[in-house]
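Note that these values count all heavy atoms, side chains included, but never hydrogens, waters or copies made by symmetry. Worth saying up front: this structure is predicted, and the values here are computed from it rather than measured.
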Amino acid sequence: MINIQIDQVGYRPNDYKTATFRIEDTNSVSDSVKLNGNSGNTFRVIDVINNEVVFESELSKEIKSEPNGEVNRVGDFSSLNKVGKYVIETEKYGKSYEFEIKDNIYEDVLKSTLKMFYLQRCGCALEEKYAGVFAHKECHNTMARIYGTDKYIDVSGGWHDAGDYGRYTVAAAKSVVDLMMAYECFPDVLEKPFDIPDDGSNVPDILREVKYELDFMLKMQDSDTGGVYHKVTCSSFPGFVMPEYEKDELIVSPVSDAATCDFAAAMAHAYRVYKDLSKKYGDGAKEYEKAADTYLEAANKAIEFLLTNHAGEFVNPAGIVTGEYGDTDTRDEYFFAYAEMFNTTGDKKYEELLKGMDLAGISGDFGWKEVGDYGFYAYLSAPHNKDKEFNDRVSAKFINEASEKQFKYLEDPYKSTIYGYYYWGCNMEVANNAMRGILIDRLKGTNSYRMMAHSQLHYLLGNNPNSKCFVTGFGTDTVMHPHHRPSAAVNSPMPGMLVGGAEPLLLDDVAKRLLNNKAPAKCYIDELDSYSTNEITIYWNSPLVFLLAYMNE
């Protein structure tokens with residue numbers, strides 16, 4: 001394993017740039033291995049074209065890092081802003097992988113992570129012209145049976161959620177809200193195309209792709225009650241085949257509070273994004289404006305259900321063993337729904353509902369399970385008169401979440417915000433934490449989280465204890481065997497997918513066998529069957545799109 005870690009894609013000229021040096025490997029429970037080499041406290045950046053030293057500086061003091069299983073030093077080369085191709089080297093720790101510095105260094109990564117959503121489309125054929133080896137015929141277009149009944153409904157469309165072909169409402173809601181927030185914050189960046197079929201509307205590709213998922217979500221709402229079904233899957237996972245070969249019966253799982261809340265929030269948000277598109281994109285966008293009214297109507301119907309019913313938490317019904325996405329505490333989901341409705345409508349009744357909740361009991365984060373931060377941001381960014389005392393309390397809670405992550409970032413020699421806290425899908429948390437900081441800076445008109453945000457992308461793209469670029473198709477040491485059925489079926493990783501990352505509970509058999517006694521941050525393996533470290537999902541990609549859009553400004 002290489003001992004000098006950098007962002008394997010590269011850096012923009014004026015970005016915050018650090019490299020992390022592994023000077024001692026304490027990863028094994030029984031061994032402590034000093035790396036070979038001569039002494040030395042400096043590092044050099046070498047121009048690989050002419051082999052000239054273009055930058056030299058001191059390394060930091062030694063940092064003993066138990067979560068990483070290492071002793072590290074850090075080298076800061078932020079002041080190097082000349083465009084070029086480089087490598088970092090020392091006498092003692094060897095060389096890094098090559099990297100570039102240039103203005104548009106993340107443009108291709110952004111396009112690829114966005115196109116992943118198109119490649120995950122369900123219910124339609126993907127053309128070879130756009131999908132390459134991932135082209136496939138129509139899939140999952142049969143009517144789906146509502147669990148426990150003989151009633152069948154059409155729930156075709158949307159995106160396959162992850163390495164499997166299920167579609168889950170709570171995961172869909174996070175994904176579309178992330179992408180819509182990215183468009184709202186960085187429209188100039190996200191108006192660029194990313195090579196999906198054109199519909200002649202002049203509407204940006206990202207909004208056309210998000211609409212594909214929103215329109216599937218509409219089908220998951222019960223037309224009589226307004227409640228929203230939690231998921232649609234087969235009873236169990238298929239083999240590693242292309243999606244058109246999953247032929248088992250589709251089953252719609254029951255309505256849940258979490259799904260209904262998240263649905264209401266996403267639809268309310270979608271109304272704001274789609275309602276005036278023709279002003280910017282011309283008459284071709286009017287179809288999308290009509291959809292906006294449908295989204296708000298659906299949100300209102302879901303809210304009516306929530307105010308008069310209680311579907312309870314979701315657990316997998318008997319006989320269904322696909323991803324559960326269960327949640328025992330939905331206070332944060334209710335806050336999310338009411339806050340988005342307040343932002344969209346300005347109706348004070350929603351603010352009163354929010355004020356009536358125990359704010360201290362609302363879980364933060366930008367997850368599929370803990371969604372409080374979506375609610376906090378929706379309320380804080382609402383363009384309406386607000387209760388100042390409540391606004392200040394929400395602001396303090398939102399900022400406190402970021403302060404805690406900032407502390408971890410400052411402590412970790414790899415500059416990640418998950419230092420010492422690794423779990424299934426923790427790379428999502430890395431991107432989420434960057435997104436939170438960026439949003440706070442936008443609310444406050446500050447630049448306090450800029451370096452932290454940069455560092456989270458650098459971690460995901462290679463500056464981590466695993467020496468791995470966690471986004472498929474990029475970096476020198478890239479992921480080759482993601483837990484992803486289309487990739488396995490064609491024996492090639494779909495590009496632009498963020499994998500889950502380190503997971504020290506070792507929840508799959510491969511991880512148990514190969515990662516035993518590894519330090520928490522190194523509990524990652526690039527193996528197809530390691531679903532707990534190497535799977536992908538749409539809602540891990542979505543905050544990465546937000547971060548990459550920021551980095552492409």
Side-chain angles (χ1 to χ4, degrees), residues 170 173-182 184-185 257-258 261-270 272-273 299 303 306 327 329-407 417 428-429 431-446 448-449 452-453 456 539 542-543 546-547 550:
V170 294
K174 170 179 169 47
S175 302
V176 295
V177 172
D178 286 345
L179 295 177
M180 289 188 291
M181 289 198 306
E184 290 172 307
C185 292
D257 286 346
C261 286
D262 288 355
F263 173 94
M267 292 297 163
H269 197 129
R272 302 197 301 271
V273 171
I303 291 291
L306 293 168
D327 192 348
D329 184 352
T330 55
R331 289 175 293 178
D332 51 322
E333 280 80 9
Y334 276 89
F335 195 98
F336 181 24
Y338 296 153
E340 288 283 10
M341 290 297 289
F342 175 68
N343 189 311
T344 294
T345 68
D347 192 329
K348 280 289 187 179
K349 75 180 181 183
Y350 294 112
E351 186 178 44
E352 292 304 312
L353 286 167
L354 294 170
K355 288 167 62 179
M357 301 182 72
D358 176 16
L359 190 59
I362 306 299
S363 300
D365 216 337
F366 288 109
W368 64 262
K369 188 174 185 179
E370 288 86 19
V371 297
D373 280 341
Y374 289 109
F376 302 154
Y377 181 71
Y379 179 76
L380 293 170
S381 60
H384 313 298
N385 291 327
K386 288 175 278 189
D387 182 295
K388 184 179 184 307
E389 187 272 337
F390 186 68
N391 185 83
D392 290 346
R393 288 172 56 210
V394 173
S395 179
K397 188 170 177 66
F398 191 44
I399 292 170
N400 284 343
E401 293 274 348
S403 298
E404 177 189 337
K405 308 304 181 185
Q406 186 85 321
F407 177 79
T417 51
M428 173 193 71
E429 180 83 1
N432 281 348
N433 292 339
M435 183 166 69
R436 182 190 297 103
I438 294 164
L439 291 172
I440 289 173
D441 274 344
R442 291 180 66 85
L443 286 170
K444 295 170 65 68
T446 58
S448 302
Y449 294 94
M452 182 273 283
Q456 302 322 289
Y539 59 86
S542 55
F546 185 100
L547 175 54
Y550 169 77

Euclidean distance, [Y] [atom2] relative to [X] [atom1], rounded to 0.5 Å:
X    : Y    : atom1 : atom2 : value
L443 : I399 : CG    : CD1   : 8.0 Å
I440 : Y449 : CD1   : OH    : 4.5 Å
D178 : N432 : CG    : CG    : 6.5 Å
I362 : D373 : CD1   : CG    : 11.5 Å

[X] versus [Y], closest heavy-atom pair with distance:
X    : Y    : result
T345 : M341 : OG1-O, 2.7 Å
M267 : A299 : CB-CB, 3.8 Å
A339 : G375 : CB-O, 3.3 Å

Taking only residues two or more places apart in sequence or in another chain, which ones pass side chain to side chain donor-acceptor pair (under 3.5 Å) with [X]?
X    : answer
Q456 : T417
S395 : none
S175 : none
S403 : none

May I ask you to decide if [Y]'s main-chain N or O and [X]'s side chain share a donor-acceptor pair within less than 3.5 Å?
X    : Y    : answer
R331 : G361 : yes
H269 : E340 : no
K386 : Y379 : yes

Can you find a pair of side-chain heavy atoms, one from [X] and one from [Y], that are under 4.5 Å apart?
X    : Y    : value
N343 : S381 : yes
E429 : K405 : yes
P543 : K174 : yes
L439 : M181 : yes

### Task
Run the numbers on D257 and Y334 for side chain to side chain contact (heavy atoms under 4.5 Å, CB included), then give the verdict.
CA-CA 8 Å; D257 286 346; Y334 276 89; 3.5 Å; yes

### Message
Checking L306 against C261 for the side chain to side chain contact (heavy atoms under 4.5 Å, CB included) test, could you report, in this order, the C-alpha distance in whole Å, the side-chain angles of both residues, the deciding distance, and whether it holds?
### Response
CA-CA 7 Å; L306 293 168; C261 286; 3.7 Å; yes

### Query
Could you go step by step and tell me if I303 and Y338 meet the side chain to side chain contact (heavy atoms under 4.5 Å, CB included) rule?
CA-CA 8 Å; I303 291 291; Y338 296 153; 4.2 Å; yes

### Message
Between the side chains of E351 and K348, is the shortest nitrogen-to-carboxylate-oxygen separation below 4.0 Å, so that they form an ion pair?
### Response
yes

Salt bridge (charged side-chain N to carboxylate O under 4.0 Å, His left out) with [X]: which residues, sequence neighbours excluded?
X    : answer
E184 : none
K397 : none
R442 : none
D327 : none

#### Entry: Stepwise salt bridge (Lys or Arg N to Asp or Glu O under 4.0 Å) check, K355 with E352
CA-CA 5 Å; K355 288 167 62 179; E352 292 304 312; 3.5 Å; yes

### Message
Can you tell me if N400 has over 12 outside heavy atoms packed within less than 6.0 Å of its CG?
### Response
yes

### Message
Please determine whether the number of non-hydrogen atoms from other residues, nucleotides or ligands lying under 6.0 Å from atom NZ of K444 exceeds 12.
### Response
no

Which residues pass the side chain to side chain contact (heavy atoms under 4.5 Å, CB included) test with [X], not counting sequence neighbours?
X    : value
E370 : D332, S363, D365
A173 : M217, D262, A266
A453 : A434, I438, L547, Y550

### Task
List for me each residue that meets ring pair (Phe, Tyr, Trp, His ring centres under 6.0 Å) alongside F336, sequence neighbours excluded, and say none if there are none.
Y374

### Message
Centroid separation under 6.0 Å, is that true for the rings of F335 and F376?
### Response
yes

### Task
Could you label the plane-to-plane angle of the F398 and Y377 rings as parallel, tilted or perpendicular, counting under 30° as parallel and over 60° as perpendicular?
tilted

